[in-house]
**Student:** 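Let me give you the structure first, and then I'll get to my questions.
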Amino acid sequence: MLLISLMEMGSLDATRAELGLVVLYLNKAEARDKICRAIQYGSKFISNGEPGTAQDVDKSTALARKVFRLLKWVNDLHALISPPAKGTPLTLVLLGKSKNALLSTFLFLDQFVWLGRTGIIKNPEATNRVARISLYCWMASSVCASLVELGELKRLSKSMRKLARELRYTDKYENEQYQNKMKQSDERLLALVKAAMDVVVAAGLLQLAPKKITPRVTGAFGFITSLISCYQQLPSRAPVAKVKA
């Protein structure tokens with residue numbers, strides 16, 4: 001009976017820990033924004049630009065997301081004026097700062113788009129013009145982000161090859177430093193895929209190639225990048241202590 005009781009307590013502790021991670025995740029404004037983003041682009045994929053319930057969900061969710069992003073431009077402004085990591089090549093520094101400046105501009109202008117879409121600013125033409133400028137900024141920032149990730153992956157690959165040569169007489173996969181570099185490489189690769197796909201999403205929203213990048217293609221790419229963003233927001237799992245009999 002004591003063993004069963006301990007097992008039940010262990011199971012309860014594990015469940016509590018899992019629910020704690022869910023609460024921690026949902027308490028993040030960024031995580032809720034990305035969940036709404038997945039709903040938005042999933043609806044765009046379903047509607048394919050045709051009027052109906054799915055398109056209504058797409059538009060209403062897109063407008064609701066703008067509230068989550070109010071004053072978010074300050075984050076990238078802070079990153080813009082912060083010193084870069086030591087040893088970062090000048091090219092990557094410039095690309096990274098350009099990405100921060102463009103993304104901050106996009107988020108700043110997006111606030112005025114929200115004011116126009118809600119009717120606070122009654123100038124539809126100006127609102128649409130600002131919306132297009134902000135989307136161009138987002139597309140350019142995604143291009144810069146893609147180039148940054150490519151450059152960082154190249155640097156990581158070079159350092160991993162060097163470390164592999166130093167560990168040629170041992171199992172490199174058991175080396176903690178090599179494992180950390182592999183983890184960083186996976187994270188960079190995922191970020192590269194997301195940034196590259198976001199370029200397509202921005203082009204779709206701007207209707208730069210309407211015959212190739214249809215609303216359904218835009219929705220599919222946007223939904224995938226939203227899931228990637230949701231994954232990137234996951235909190236780290238703390239190891240659960242094992243119950244001893």
Side-chain angles (χ1 to χ4, degrees), residues 24-25 28-34 37 65-66 68-112 130 133-167 172 175-203 205-206 221-222 224-236:
L24 181 64
Y25 183 75
K28 298 167 68 174
E30 188 72 14
R32 293 197 301 273
D33 176 43
K34 300 311 177 186
R37 189 179 192 268
R65 285 187 59 226
K66 296 186 186 301
F68 287 111
R69 300 202 296 262
L70 289 176
L71 298 179
K72 189 179 174 183
W73 58 274
V74 176
N75 295 350
D76 280 278
L77 179 62
H78 179 264
L80 177 64
I81 62 177
S82 298
K86 290 183 178 180
T88 306
L90 180 60
T91 304
L92 292 182
V93 171
L94 293 175
L95 283 170
K97 296 301 181 182
S98 298
K99 181 199 76 170
N100 294 138
L102 288 163
L103 192 55
S104 183
T105 304
F106 158 67
L107 293 167
F108 178 74
L109 293 176
D110 199 50
Q111 296 178 128
F112 295 97
V130 172
I133 294 171
S134 69
L135 285 173
Y136 273 113
C137 289
W138 179 47
M139 184 169 67
S141 72
S142 297
V143 172
C144 290
S146 300
L147 295 174
V148 168
E149 297 304 334
L150 275 173
E152 292 292 354
L153 277 169
K154 185 177 179 181
R155 291 179 65 203
L156 264 174
S157 178
K158 185 177 179 181
S159 64
M160 287 175 69
R161 287 197 300 269
K162 181 180 178 182
L163 183 59
R165 287 195 296 270
E166 295 173 359
L167 300 172
K172 61 184 180 182
N175 182 271
E176 185 177 354
Q177 187 179 359
Y178 193 84
Q179 288 178 353
N180 289 335
K181 287 184 179 294
M182 285 184 63
K183 183 180 178 181
Q184 291 174 29
S185 180
D186 291 341
E187 290 173 352
R188 291 283 184 186
L189 184 59
L190 189 62
L192 172 60
V193 171
K194 178 184 175 296
M197 293 184 75
D198 274 340
V199 174
V200 179
V201 175
L205 294 175
L206 287 164
F221 275 60
I224 292 170
T225 56
S226 299
L227 292 182
I228 293 174
S229 296
C230 288
Y231 171 77
Q232 290 173 329
Q233 293 297 319
L234 286 173
S236 58

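Source: prediction; values computed, not measured. Each residue takes its place number in the sequence, starting with 1.
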**Student:** How many angstroms lie between atom SG of C144 and atom NZ of K97, to the nearest 0.5 angstrom?
**Tutor:** 13.0 Å

**Student:** Considering all heavy atoms of both residues, which atom of A145 and which atom of K99 are nearest to each other, and what is their separation?
**Tutor:** CB-CD, 3.6 Å

**Student:** If you apply the rule side chain to side chain contact (heavy atoms under 4.5 Å, CB included), what do you find for D33 with K72, and how did you get there?
**Tutor:** CA-CA 12 Å; D33 176 43; K72 189 179 174 183; 4.2 Å; yes

**Student:** Quick one: does Q177's side chain get under 4.5 Å of L167's, heavy atoms only?
**Tutor:** no

**Student:** What is the minimum heavy-atom distance between L92 and L147, and which atoms define it?
**Tutor:** CD2-O, 4.2 Å

**Student:** Identify the two heavy atoms, one from K172 and one from Y178, that lie closest to each other, and give their separation to 0.1 Å.
**Tutor:** O-CB, 3.3 Å

**Student:** Are L107 and N75 side-chain neighbours, meaning at least one heavy-atom pair lies under 4.5 Å?
**Tutor:** no

**Student:** Working to the nearest 0.5 angstrom, can you tell me the gap between D76 CG and L103 CG?
**Tutor:** 4.0 Å

**Student:** Shortest non-hydrogen contact from Q232 to A191?
**Tutor:** NE2-CA, 4.0 Å

**Student:** How long is the gap from NZ on K34 to CZ on F68, to the nearest 0.5 Å?
**Tutor:** 11.5 Å

**Student:** Got more than 12 heavy atoms from elsewhere within 6.0 Å of NZ, K28?
**Tutor:** yes

**Student:** Would you check, one step at a time, whether the test side chain to side chain contact (heavy atoms under 4.5 Å, CB included) holds for Y231 with L234?
**Tutor:** CA-CA 5 Å; Y231 171 77; L234 286 173; 3.6 Å; yes

**Student:** Okay, side chain of S82, backbone of H78: is any donor-acceptor separation there less than 3.5 Å?
**Tutor:** yes

**Student:** Rounded to the nearest 0.5 Å, what's the gap from CE on M139 to OG on S134? Could you check?
**Tutor:** 11.5 Å

**Student:** Indicate whether any N or O donor in one side chain lies under 3.5 Å from an N or O acceptor in the other, for R155 and S159.
**Tutor:** no

**Student:** Would you confirm whether S142, through its side chain, and W138, through its main-chain N or O, come within 3.5 Å as a donor-acceptor pair?
**Tutor:** yes

**Student:** What pairs with F108 under ring-ring contact (aromatic ring centres under 6.0 Å, His included), at least two apart in sequence or on another chain?
**Tutor:** W73, F112

**Student:** How many angstroms lie between CG in L150 and CG in L192, if you round to the nearest 0.5 Å?
**Tutor:** 4.5 Å

**Student:** Taking all heavy atoms of L135 and all of A202, pick out the closest pair and write down the distance.
**Tutor:** O-CB, 4.3 Å

**Student:** Taking all non-hydrogen atoms of both residues, which atom of L163 and which atom of N175 are closest, and how far apart?
**Tutor:** CD2-OD1, 4.2 Å

**Student:** Does the side chain of T225 come under 3.5 Å of the side chain of D198 through a donor N or O and an acceptor N or O?
**Tutor:** yes

**Student:** Quick one: does any side-chain atom of R37 pair with a main-chain N or O of G222 as donor and acceptor, under 3.5 Å?
**Tutor:** yes

**Student:** Salt-bridge test for E149 and K194: reply yes if a basic N is under 4.0 Å from a carboxylate O, no otherwise.
**Tutor:** no

**Student:** Atom CG in D186, atom CG in L190: separation rounded to 0.5 Å?
**Tutor:** 8.5 Å

